[in-house]
Every structure is written in C-alpha cells, then in structure tokens.
Amino acid sequence: MTNTHVVENTDNLKIELINGKKYSPTIIGKNIDYDICILKIKPFKIVKLLKFNSKDLKTGKIVILQ
C-alpha cells in the first residue's frame, strides 16, 4: 500500500523488502480522492510480515497490511 501520488507518473515501480529482495509490483487499485494505492507482488516464497499494535503507530511510521 502506498499513496497514489507516489506512483501516478511512473512506469517503473520497484519494491524492496527489508531482506533486500526487489520486486516489480502490479497496481491492483487506487483512489485519487483518498490518495491511496494498493500494490501486489508475487514473491517466490511466502514473505513473513511483522505484527504490530495499532496503539504504537505514529504519523510517518511504515505500515504493512495483510
């Protein structure tokens, strides 16, 4: 997930995970009014995500949704 304005003028998207692996995502949905964009990657194996408590979130923190 990212902001729509981040991806709107590019044809060469890349996602780099914390383990250093890089992927070319597909945009599967976006909403310009809410400035939100959903990206999809196809990793070769299952990617483990960190769990977090939403009470710990602050403005500017990276969020991963599953």
Could you walk me through whether Asn31 and Thr4 satisfy the side-chain contact (heavy atoms from CB on, under 4.5 Å) test, starting with their C-alpha distance in whole Å, then the side-chain angles of each, then the deciding distance to 0.1 Å, before giving a yes or no? CA-CA 7 Å; Asn31 185 303; Thr4 300; 5.6 Å; no

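- Looking only at side-chain heavy atoms (C-beta outward), Cys37 and Val6 stay at 4.5 Å or farther from each other.
- The structure places NZ of Lys22 at 9.0 Å from NZ of Lys14, a figure rounded to the nearest 0.5 Å.
- Atom OG of Ser24 is separated from atom CG of Asn12 by 7.0 Å, given to the nearest 0.5 angstrom.
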Applying side-chain contact (heavy atoms from CB on, under 4.5 Å), run through Leu17 and Tyr23 and close with a yes or a no. CA-CA 8 Å; Leu17 301 182; Tyr23 300 94; 3.5 Å; yes

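- For the atom pair CG (Asp35) and CD (Glu8), the distance works out to 8.0 Å, reported to the nearest 0.5 Å.
- Applying the 6.0 Å contact sphere to CD1 of Ile32 captures no more than 12 heavy atoms from other residues, nucleotides or ligands.
- Under the 3.5 Å distance criterion, the side-chain polar atoms of Asn3 are left unmatched by any main-chain donor or acceptor of His5.
- Here the CG-NZ distance, from Leu39 to Lys30, works out to 10.0 Å after rounding to the nearest 0.5 Å.
- Contact of the Leu13 side chain with the Ile27 side chain is registered, since non-hydrogen atoms from C-beta on lie closer than 4.5 Å.
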